[in-house]
Amino acid sequence: MLTKECARQVIEEIIALYPNVETVLNYRNNYELLIAVMLSAQTTDIAVNKATVKLFERFPTPESVTHASPAEIEPYIQSIGLYRNKAKYMFQCCQQLVEKYSGEVPNNRKDLESLAGVGRKTANVILSVGFGIPAFAVDTHVSRVCKHHDIVPAKATPRQIEDYIISILPPELLTQAHQSIIFFGRNICHPRNPQCENYPQLYCCQEHI
DNA sequence: AACTCGGGGCA
DNA sequence: TGCCCAGAGTT
């Protein structure tokens with residue numbers, strides 16, 4: 001495993017490679033962001049991006065969702081898989097938003113994680129990307145990149161990775177680190193055939209614990 | 001801790 | 001065309 005200093009350096013190099021990537025794109029408000037991230041669970045978000053164009057035309061607000069039903073949501077998200085669950089989560093989540101939070105997306109972890117279909121990863125994305133609150137969302141891309149580059153042990157859980165990254169990075173870097181690492185994981189450090197070797201700068205720091 | 005939900009992408 | 005990918009909830 002890399003030392004903390006070395007791990008921080010590798011992450012800063014990944015940020016330098018992709019300094020301004022926005023992996024969560026084209027969402028106009030935190031309602032759209034929340035739903036889009038929620039729908040992304042176990043799915044490629046390219047598929048989610050396509051589906052959400054028409055989805056948000058039909059359901060522009062939480063209120064508009066509560067006036068419909070899960071069955072009315074399903075046709076819009078059939079292409080993304082697990083769609084019955086997700087239609088149900090989206091409906092219940094919007095009911096909660098309207099009933100408990102005046103139709104606004106809450107800005108703290110406890111309330112976010114109380115919403116249907118919202119777990120720790122989704123909550124962290126909303127906090128960091130939606131509200132600019134220091135938080136670090138660990139999905140399988142982040143997990144793979146961190147393990148492949150020996151930043152964390154191979155057996156580390158998402159929560160352990162989250163806590164470790166927060167302990168080695170300054171808070172103001174967390175959101176961009178998340179987005180840059182995801183971009184790197186999606187496009188270069190693939191699950192199969194990772195091409196990280198083409199990025200020798202990532203290996204400059206070889207200091208291990 | 002194991003199981004379930006379901007499609008798209010790629011070899 | 002069969003294998004692999006990607007989180008949250010439930011039991």
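In the text below, chain A, chain B and the rest are named by the order of the sequence lines, each starting its count at 1.
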Can a side-chain donor-acceptor contact be found between A:Asn107 and A:Tyr101 if the only test is distance below 3.5 angstrom? no
Shorter than 3.5 Å, N or O on both sides, protein versus nucleotides 6-9 of chain B: list them out with atom names.
| from | atom 1 | to | atom 2 | distance (Å) |
| --- | --- | --- | --- | --- |
| B:dG6 | OP1 | A:Leu82 | O | 3.2 |
| B:dG6 | OP1 | A:Tyr83 | N | 3.1 |
| B:dG6 | OP1 | A:Arg84 | N | 2.7 |
| B:dG6 | OP1 | A:Asn85 | N | 3.2 |
| B:dG6 | OP2 | A:Arg84 | NH1 | 2.7 |
| B:dG6 | O4' | A:Leu82 | N | 3.0 |
| B:dG6 | N2 | A:Gln42 | O | 3.1 |

Partners meeting side-chain contact (heavy atoms from CB on, under 4.5 Å) with A:Gln195 (sequence neighbours left out): A:Ile188, A:His190, A:Asn193, A:Asn198
Could you say whether A:Ser40 or A:Leu115 is positioned toward the 5' end of DNA chain C, judged by the nucleotide with the nearest heavy atom to each? A:Ser40
So, using side-chain contact (heavy atoms from CB on, under 4.5 Å) as the criterion, who are the partners of A:Arg186 when residues are at least two apart? A:Thr23, A:Asp45, A:His141, A:Ile182
Ring-ring centroid check A:His149 A:Phe184, cutoff 6.0 Å: yes
Roughly how far apart, to the nearest Å, are B:dG6 and C:dT11 at atom P? 15 Å
Is A:Ile77 touching bases, backbone alone, or none of the nucleic acid, heavy atoms closer than 4.0 Å? nothing
Got a sec? Which of residues 127-139 of chain A come in under 4.0 Å of DNA chain C, heavy atoms? A:Asp139
Which residues pass the side-chain contact (heavy atoms from CB on, under 4.5 Å) test with A:Ser167, not counting sequence neighbours? A:Lys4, A:Tyr164
When the C1' atoms of B:dC10 and C:dG7 are considered, how many whole Å apart are they? 22 Å
Below 4.5 Å, heavy atoms only, C-beta onward: do A:Phe56 and A:Ile35 meet side chain to side chain? yes
For A:Arg159, the side chain to side chain donor-acceptor pair (under 3.5 Å) test, sequence neighbours excluded, returns A:Asp163
Side-chain donor/acceptor pairs under 3.5 Å, residues 73-88 of chain A, sequence neighbours excluded:
| from | atom 1 | to | atom 2 | distance (Å) |
| --- | --- | --- | --- | --- |
| A:Lys86 | NZ | A:Leu39 | O | 2.7 |
| A:Lys86 | NZ | A:Ala41 | O | 2.6 |
| A:Lys86 | NZ | A:Thr43 | OG1 | 2.6 |

Upstream residue (5' side of DNA chain C) when A:Pro191 and A:Tyr89 are each assigned their closest nucleotide: A:Pro191
Outermost nucleotides of DNA chain C that come under 4.0 Å of a non-hydrogen atom of chain A: C:dC4 to C:dG9
So, with a heavy-atom separation below 4.0 Å from DNA chain C, the residues of residues 143-165 of chain A are A:Arg144
Going by atom type alone, with no hydrogens or angles, which donor-acceptor pairs under 3.5 Å involve a side-chain atom of residues 115-122 of chain A and a protein atom two or more places apart or on another chain?
| from | atom 1 | to | atom 2 | distance (Å) |
| --- | --- | --- | --- | --- |
| A:Arg120 | NE | A:Glu162 | OE1 | 2.8 |
| A:Arg120 | NE | A:Glu162 | OE2 | 3.2 |
| A:Arg120 | NH2 | A:Glu162 | OE2 | 2.8 |

Taking A:Ser180 for the side chain and A:Gln176 for the main chain, is one N or O donor matched with an acceptor at less than 3.5 Å? yes
A:Thr157: what forms a side chain to side chain donor-acceptor pair (under 3.5 Å) with it, not counting sequence neighbours? A:Gln160
For A:Cys6, check disulfide bond (SG atoms under 2.5 Å apart) against everything at least two apart and list the hits. A:Cys205
May I ask you to decide whether A:Glu5 forms a salt bridge with A:Arg8, counting only side-chain N to carboxylate O separations under 4.0 Å? yes
Distance, P atom - from B:dA11 to C:dA6, rounded to whole angstrom: 15 Å
